[in-house]
Amino acid sequence: MVRVRFAPSPTGYVHIGSLRTALYNFLYAKKMNGSYVLRIEDTDQTRYVEGSIENLINCLVKTGIVHEEGPFIKGNDIEEIGSFGPYTQSKRLNIYNEYIEKLIEKDWAYTCFCSQDRLAEVRDQQKAKGETPKYDGKCRQLSKTEVEEKIKSGDPYVIRLKLPVDTIISFEDMVRGSIVFNTNDLDDQVLIKTDGFPTYHFAVVVDDHLMGITHIIRGEEWLPSTPKHVALYKAFKWEEPKYVHLPNILNDDKKKLSKRQGDVAVEDFLKKGYLPEALINYIALLGWSPDSEEEVFTMEELIQKFDLTRINKSGAVFDRNKLNWMNSIYIKSMENKKLVELITPYLLDTDIILETDFQEKPDYIQMIVETFKEKLNSLSDIVPLVNDLFKEEINFDDEMKEILKGESVPELVKVLTSEIERLDTVTPENIKKIFKIIQKEHGIKGKNLYMPVRVITTGETHGSDLMMIMSILGKEILLKRINSLILN
RNA sequence: GGCCCCAUGGUCAAGCGGUUAAGACACCGCCCUUUCACGGCGGUUACAGGGGUUCGAAUCCCCUUGGGGUCACCA
């Protein structure tokens with residue numbers, strides 16, 4: 001029975017890389033008919049951000065990566081479900097205490113009284129000498145009675161992992177193969193901090209074991225600390241899980257994707273109008289590829305196709321371009337009614353659409369969405385598209401001025417004005433009729449017709465379907481723009 | 001700097017000893033559309049370098065170079 005977990009710490013927003021880690025865990029669990037667990041790693045109290053657990057769960061649920069064990073949102077509370085709980089590390093302190101005792105008994109851990117100041121000093125000296133900073137092992141030799149006395153007198157202390165000297169520790173990574181370390185290059189990691197909380201390294205091993213986790217799928221930044229975890233499994237004589245270290249997601253500069261260089265928060269992408277399905281689809285393909293050539297997949301299809309052995313080893317640059325393309329595919333294939341629903345908040349962000357328009361002129365809204373649908377990379381793209389259409393000032397560049405100098409333009413303007421004036425409301429149909437009249441009765445057609453009209457009515461040489469655009473603008477604005485041309 | 005990981009076009013990537021080295025995004029053309037777009041067709045661009053192993057290396061091994069990660073009482 002496969003059991004995997006996604007174990008984030010509640011320190012704020014959800015990083016796009018975290019989302020991919022969660023996704024791969026989820027896909028693998030579903031593929032194998034196993035369990036996908038959410039665990040909250042909140043052992044650093046100082047980094048806790050209010051509300052981040054709720055935000056985290058919401059993000060996962062929105063993107064369809066839903067766990068079956070762990071914390072869930074119920075009303076205004078968080079409720080844990082599952083028989084391996086608690087799923088929040090700060091609620092498991094007694095468990096860690098119990099296991100650290102065992103470790104000390106086995107002589108795989110020791111109490112250390114070194115102050116942070118001394119540690120910093122040692123580090124600085126080592127760095128100055130060009131050595132790798134590492135705990136010097138001062139407290140390794142402390143006798144049991146010395147330790148007891150110091151504790152009794154109230155000295156603050158931590159518990160450190162007692163790594164064997166000059167020993168090879170190796171493990172198999174499912175995507176990278178055999179990985180070998182020497183303990184001489186490793187530090188005696190702190191396992192329990194002065195505040196009595198475990199560090200990640202200790203809690204992760206205890207919890208993964210107790211929760212029956214079979215596969216650890218996580219980012220490759222954990223690779224260097226994995227031998228410490230392996231040492232703990234050995235110390236406890238526990239069965240080791242399988243390791244799967246995922247390649248990093250990179251910025252354009254090939255460095256780990258970070259907040260400094262644009263959006264990395266899942267909630268930001270969602271806010272900008274990237275559809276959860278598109279985001280998931282794109283991200284699934286960053287570091288993994290199916291054995292077929294298609295690229296557009298539903299979650300269900302991803303589950304079917306997912307395969308740990310096809311995960312890539314090298315880092316992948318997050319390509320905003322391709323995400324845009326992927327998102328546009330999903331937007332175009334969405335039915336209009338659904339799209340109108342999703343895009344409503346963005347339409348309200350424009351300068352011209354009001355709350356009441358949705359009841360009073362649904363067809364008009366529908367027409368706007370239909371017209372711009374094919375031009376959207378994200379839902380928020382509709383805002384500038386609509387605003388630009390209704391811009392106050394129309395300025396012509398040289399190309400447009402050239403077009404307006406056309407021989408038939410004066411006649412075209414005249415007919416256009418009188419025909420539009422005659423209309424009650426402007427619709428694509430009656431604009432088409434007007435164009436027919438102009439073509440048949442005045443012999444103005446093709447580019448000589450469409451280009452000047454587009455330039456006059458929109459101040460652009462490119463854009464969406466002209467008849468739709470004109471209908472969206474409406475009689476009043478059309479005439480105003482045509483008239484202002486005549487005045488000039 | 002020590003340790004670890006990685007290396008196919010600008011980007012994502014297929015390839016797992018014998019291929020004209022796929023495909024997608026982006027870019028550039030052309031076609032379609034009496035406007036615009038969608039769409040269709042086509043094109044430019046890659047095995048980091050050097051040694052081996054082999055009849056034969058993008059594929060296996062070594063070295064170099066380059067990039068990344070990590071070295072906390074953070075995860």
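Order of the sequence lines sets the chain letters (A, B, ...), proteins ahead of strands, with each chain counted from 1. Note that the structure is a prediction, hence the values are computed from the model and not measured.
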Visitor: Side chain of A:His462: nearest nucleotide among B:rA37, B:rC38, B:rG67?
Guide: B:rA37
Visitor: What parts of residues 5-22 of chain A reach RNA chain B, counting only heavy atoms under 4.0 Å away?
Guide: A:Ser9
Visitor: Decide whether A:Asn327 and A:Ser378 meet the rule of one side-chain donor and one side-chain acceptor closer than 3.5 Å.
Guide: no
Visitor: I need the residues from residues 433-450 of chain A with at least one non-hydrogen atom less than 4.0 Å from RNA chain B; give them sorted by number, or say none.
Guide: A:Gln439, A:Lys445, A:Gly446, A:Lys447, A:Tyr450
Visitor: Using a heavy-atom cut-off of under 4.0 Å over every strand shown, decide if A:Gly219 touches base, sugar-phosphate, or nothing.
Guide: nothing
Visitor: Please measure how far the C1' atom in B:rA14 lies from the corresponding atom in B:rG9, and state the result in whole Å.
Guide: 13 Å
Visitor: Does a donor on one side chain sit under 3.5 Å from an acceptor on the other, for A:Asn281 and A:Tyr330?
Guide: yes
Visitor: Record whether the side chain of A:Thr194 comes under 3.5 Å of the base of B:rC73 through a donor-acceptor pair of N or O atoms.
Guide: yes
Visitor: Nearest to the side chain of A:Leu119 - B:rC73, B:rG23, B:rC4?
Guide: B:rC73
Visitor: Taking the same atom, P, in B:rA26 and in B:rU11, what whole-Å distance lies between them?
Guide: 16 Å
Visitor: Taking the minimum atom-to-atom distance to the side chain of A:Trp325, which one of B:rA26, B:rA7, B:rA37 wins?
Guide: B:rA26
Visitor: Does anything in residues 154-166 of chain A come within less than 4.0 Å of RNA chain B? Heavy atoms only, and list the residues if so.
Guide: A:Val158, A:Arg160
Visitor: Without decimals, in angstroms, what is the distance between A:Arg47 CZ and B:rC73 P?
Guide: 14 Å
Visitor: So if I apply the side chain to side chain contact (heavy atoms under 4.5 Å, CB included) rule between A:Tyr96 and each of A:Ile100, A:Leu93, A:Asn94, which one comes out positive?
Guide: A:Leu93
Visitor: Side chain of A:Arg123: nearest nucleotide among B:rG2, B:rC73, B:rU35?
Guide: B:rC73
Visitor: Is there a donor-acceptor contact under 3.5 Å linking the side chains of A:Arg218 and A:Thr226?
Guide: yes
Visitor: With a 3.5 Å limit on both atom pairs, tell me what B:rA46 is paired to, counting Watson-Crick and G-U wobble, or say none.
Guide: none
Visitor: Between B:rC6, B:rU11, B:rU35, which nucleotide has the shortest distance from any of its atoms to the side chain of A:Asp319?
Guide: B:rU11
Visitor: I want to verify a distance call: between B:rC5, B:rU11, B:rC74, whose nearest atom is closest to the A:Glu220 side chain?
Guide: B:rC5
Visitor: I'd like to know if A:Lys162 pairs up with A:Asp188 as an ion pair, taking the criterion as any Lys NZ or Arg NE/NH1/NH2 lying under 4.0 Å from an Asp or Glu carboxylate oxygen.
Guide: no
Visitor: Any strand is fair game: report the nucleotide pairing with B:rA26 by Watson-Crick or G-U wobble, both distances under 3.5 Å, or none.
Guide: none
Visitor: Pick base, sugar-phosphate or nothing for A:Lys256, based on heavy-atom distances below 4.0 Å to the nucleic acid.
Guide: sugar-phosphate
Visitor: Among A:Gln126, A:Arg118, A:Arg123, find the residue that satisfies the side-chain hydrogen bond (donor to acceptor under 3.5 Å, both in side chains) test when tested with A:Asp136.
Guide: A:Arg118
Visitor: As a test of reading the structure: which of B:rA24, B:rU35, B:rC4 is closest to the side chain of A:Ile179, going by heavy atoms?
Guide: B:rC4
Visitor: Apply ring pair (Phe, Tyr, Trp, His ring centres under 6.0 Å) to A:His229 and list each qualifying residue two or more places apart in sequence or on a separate chain.
Guide: A:Tyr200, A:His201
Visitor: Report which part of the nucleic acid A:Asp465 touches: base, sugar-phosphate, or nothing (heavy-atom distance under 4.0 Å, all strands).
Guide: base
Visitor: When you measure from the side chain of A:Arg310, which nucleotide among B:rG15, B:rA37, B:rU35 comes out closest?
Guide: B:rG15
Visitor: Would you tell me if any nitrogen or oxygen in the side chain of A:Lys193 comes within less than 4.0 Å of OP1 or OP2 on B:rA75?
Guide: yes
Visitor: Write down the distance separating the C1' atoms in B:rG10 and B:rC73, rounded off to the nearest Å.
Guide: 44 Å
Visitor: OP1 or OP2 of B:rA14 sitting under 4.0 Å from any side-chain N/O of A:Asn312?
Guide: yes
Visitor: What does A:Val180 touch in the nucleic acid at a heavy-atom separation under 4.0 angstrom: a base, only the sugar-phosphate, or nothing?
Guide: sugar-phosphate
Visitor: Only counting residues at least two apart or in another chain, list the ones meeting ring pair (Phe, Tyr, Trp, His ring centres under 6.0 Å) with A:Phe269.
Guide: A:Tyr274, A:Phe318
Visitor: Which heavy atom of A:Ile403 sits nearest a heavy atom of A:Thr461, and at what distance?
Guide: CD1-CG2, 4.1 Å
Visitor: Looking at every strand, decide which applies to A:Ser464 at a 4.0 Å heavy-atom threshold: base, sugar-phosphate, or nothing.
Guide: base
Visitor: May I ask which nucleotide in the shown strands pairs with B:rC71, Watson-Crick or G-U wobble, both distances under 3.5 Å?
Guide: B:rG1
Visitor: Which whole number of Å gives the distance between the C1' atom of B:rC61 and that of B:rC27?
Guide: 39 Å
Visitor: Please tell me which of the listed nucleotides, B:rC71, B:rC12, B:rU70, lies nearest to the side chain of A:Thr132?
Guide: B:rC71
Visitor: Between the base of B:rA37 and the side chain of A:Lys375, is there any donor-acceptor pair under 3.5 Å?
Guide: no
Visitor: Need one value for A:Glu41: base, sugar-phosphate or nothing, where a base atom within 4.0 Å counts as base even if backbone is also close, heavy atoms only.
Guide: sugar-phosphate
Visitor: I want to check one thing: is the phosphate of B:rG69, taken as OP1 and OP2, less than 4.0 Å away from some side-chain N or O of A:Lys255?
Guide: no
Visitor: How is A:Thr43 classified with respect to the nucleic acid when contacts are heavy atoms under 4.0 Å: base, sugar-phosphate, or nothing?
Guide: sugar-phosphate
Visitor: Between B:rU19 and B:rA58, how far is it from one P atom to the other, in whole Å?
Guide: 9 Å
Visitor: Please report the distance, rounded to the nearest Å, between CG in A:Asp291 and P in B:rG15.
Guide: 8 Å
Visitor: Is there a side-chain contact between A:Lys254 and the phosphate of B:rA7, meaning an N or O under 4.0 Å from OP1 or OP2?
Guide: no
Visitor: Could you tell me which nucleotide pairs with B:rG9 by Watson-Crick or G-U wobble geometry, both distances under 3.5 Å, or answer none if nothing does?
Guide: none
Visitor: Is B:rG18 paired to anything, Watson-Crick or G-U wobble with both distances less than 3.5 Å, and if yes, which nucleotide?
Guide: B:rC55
Visitor: Show your working on salt bridge (Lys or Arg N to Asp or Glu O under 4.0 Å) between A:Lys272 and A:Asp263 and close with a plain yes or no.
Guide: CA-CA 10 Å; A:Lys272 284 211 169 138; A:Asp263 294 321; 2.7 Å; yes
Visitor: Pick base, sugar-phosphate or nothing for A:Leu285, based on heavy-atom distances below 4.0 Å to the nucleic acid.
Guide: sugar-phosphate
Visitor: Of the listed nucleotides (B:rG23, B:rC73, B:rU35), which one gets closest to any side-chain atom of A:Glu293?
Guide: B:rG23
Visitor: Hey, are A:Ser292 and A:Glu294 close enough side-chain-wise for a donor-acceptor pair under 3.5 Å?
Guide: yes
Visitor: For B:rA21 and B:rC3, measure between their C1' atoms and round to the nearest Å.
Guide: 35 Å
Visitor: For A:Ile311 and A:Phe306, which heavy atoms make the closest approach, and how far apart are they?
Guide: CD1-CZ, 4.2 Å
Visitor: Show me the side-chain donor-acceptor pairs of residues 428-445 of chain A shorter than 3.5 Å, one per line, residues at least two apart or across chains.
Guide:
| from | atom 1 | to | atom 2 | distance (Å) |
| --- | --- | --- | --- | --- |
| A:Glu429 | OE1 | A:Thr427 | OG1 | 3.4 |
| A:Asn430 | OD1 | A:Thr427 | N | 2.8 |
| A:Asn430 | OD1 | A:Thr427 | OG1 | 3.3 |
| A:Asn430 | ND2 | A:Thr425 | O | 3.0 |
| A:Asn430 | ND2 | A:Thr427 | OG1 | 3.2 |
| A:His442 | ND1 | A:Glu411 | OE2 | 2.8 |

Visitor: Check every strand shown and say whether A:Phe181 touches a base, only sugar-phosphate, or nothing at a heavy-atom separation below 4.0 Å.
Guide: sugar-phosphate
Visitor: Checking side-chain polar atoms at under 3.5 Å, does A:Asn336 have a donor or acceptor matched by the opposite partner on A:Lys373?
Guide: yes
Visitor: Identify the nucleotide, in any strand shown, that forms a Watson-Crick or G-U wobble pair with B:rU34, with both distances under 3.5 Å; if there is none, say none.
Guide: none
